[in-house]
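This report concerns only the one structure given below.
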Amino acid sequence: MTRRLAEVARKVGVSEATVSRVLNGKPGVSEATREAVLTALDVLGYERPTQLRGDRARLVGLVLPELANPIFPAFAEVVGGALAQQGFTSVLCTRTVGGVSEAEYVDLLLQQQVSGVVFAGGLYAQADASHGHYERLLERRLPTVLVNAAVEHLRFPQVSCDDVVAAEMALGHLLSLGHERIAMVLGPPDHVPSARKLEAFSQRAASNGVRVEAEFVERTMFSIEGGHAATARLVRRGVTGIVCASDVLALGAIRAARRAGLSVPEDVSVIGYDDSALMNCTDPPLTTVRQPIDAMGRAAVDLLVAQIDKAVVPGDELLFEPELVVRASTAPARERQPVGR
């Protein structure tokens, strides 16, 4: 063992202690040095330790932000089924407030020698979030796919619903109903899909002679409570139509309008985004922009398995077309005036 350590250390130009750390899977060694040590083992004819042979379990991590929003369990079902058809088992990892973080899940998945990871609704979509755990996956070249718009510096393959088309569909529907005082309820300021929707919304509105006032754009967390708080402010400003960045936000918007003594859709029209489960059973049934999660989930698995099979998969973004689903939460505009702030 001592002779082996010395030979490998000389070959790579590092200390025997560094070689020992690599062979024992200890931290504190850069990925480049780790790969150089393993390559030297192969060149010198030494067998790698079992845990470093690169044989990965047929497990795939599926990292989601929550399960309360029904769109994520639906997506997990699609991805889990598609993975099973390819001979893989999904490992569901759900972030919780005060619980295991996304970065900690990545560490756990790496320890389990997973074959790859699919992220949906992750921190990669927030420009101000920490992205160090994604950089680790890039360094290790672990097959990874991101679902729905990521910040630009991450070079993973992506599968996304087209935010530009989604915003144009929602706005076009409200304009066709005669609405002019149209608001948006979006995710946090650094949320990439929300920024895309706002840009497309503003451009489409301007081309139709409708000005999007700054006070008609509200940023909040993705929850019913967030949608309620944002809409409570908007209805006081006299808006007649509200486009929300998720169905959950839209449900909060409807609740806020009603508590302000307004009727949906007679006084305020509300549009959601996702078309998650039971949105056709709400009161009123929700008009929303549907994400094609079946097609997106299958595409994410195909991209992941291609990487696992060593195919060259560019870090591009596949855009899928959404669909406007018109139900009873939207109606022709009725003139309203601001009621104070």
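Below, all heavy atoms of this structure are taken into account, side chains as well, without hydrogens, waters or symmetry copies. Throughout, numbering of the chain's residues begins at 1 and tracks the sequence.
- With hydrogens and angles disregarded, no donor-acceptor distance shorter than 3.5 Å links the side chain of S160 to the backbone of D162.
- Surrounding CD of E225 are more than 12 heavy atoms belonging to other residues, nucleotides or ligands, all under 6.0 Å away.
- H228 contributes no side-chain N or O that, together with a main-chain N or O of S223, makes up a donor-acceptor pair within less than 3.5 Å.
- Between the E323 side chain and the P292 main chain, no donor and acceptor come within less than 3.5 Å of each other.
- Nearest heavy-atom pair across F320 and A295 is CE2-CB, 3.8 Å.
- At a threshold of 4.5 Å between non-hydrogen side-chain atoms, the residues R140 and L110 count as touching.
- More than 12 heavy atoms of other residues, nucleotides or ligands sit less than 6.0 Å from atom CD of E317.
- Across every non-hydrogen atom of T288 and G272, the tightest pair is OG1-C, 3.0 Å.
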**Request:** Go through V100 and C93 one step at a time and tell me if the side-chain contact (heavy atoms from CB on, under 4.5 Å) criterion holds.
**Result:** CA-CA 9 Å; V100 180; C93 304; over 6 Å; no
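- Between E218 and R237 there is a salt bridge, since a side-chain N of the basic residue sits under 4.0 Å from a carboxylate O of the acidic one.
- The backbone N or O of A125 lies less than 3.5 Å from no partner atom in the side chain of H191, so there is not a single donor-acceptor pair.
- A donor-acceptor pair under 3.5 Å is formed between the side chain of S202 and the backbone N or O of L198.
- The aromatic ring centres of F119 and Y134 sit less than 6.0 Å apart.
- No side-chain heavy atom of L83 sits less than 4.5 Å from a side-chain heavy atom of L62.
- Minimum heavy-atom separation, L142 to T144: O-OG1, 2.9 Å.
- With respect to R34 and E31, a salt bridge is recorded, a charged nitrogen being found less than 4.0 Å from a carboxylate O.
- Side chain of S194 to main chain of G187: a donor-acceptor pair is present (N/O by atom type, distance under 3.5 Å, no hydrogens or angles).
- Looking at R181, its side chain does come within 3.5 Å of a backbone N or O of G238 through a donor-acceptor pair.
- For the residue pair R204 / S207, no side-chain donor-acceptor distance below 3.5 Å is found, with atom types taken as modelled.
- Considering CG of D275 and CG of L324, their distance stands at 10.0 Å, rounded to 0.5 Å.
- Taking all atoms of both residues into account, the shortest heavy-atom contact from V12 to A40 is CG2-CB, 3.6 Å.
- Here N280 contributes atom CG and T282 contributes atom OG1; the two are 7.5 Å apart, rounded to the nearest 0.5 Å.
- Counting only N and O atoms by type, the side chains of H173 and T287 include no donor and acceptor under 3.5 Å apart.
- Around CD of E266, the count of heavy atoms belonging to other residues, nucleotides or ligands within 6.0 Å exceeds 12.
- Between F201 and M184 the shortest heavy-atom distance is CG-SD, 3.2 Å.
- Side-chain atoms of N148 and Q291, non-hydrogen and from C-beta on, do get closer than 4.5 Å to each other.
- Between the CD atom of E180 and the CG atom of L177 there is a distance of 12.5 Å, given to the nearest 0.5 Å.
- A306 approaches V313 most closely through the heavy-atom pair CB-CG2, 3.8 Å.
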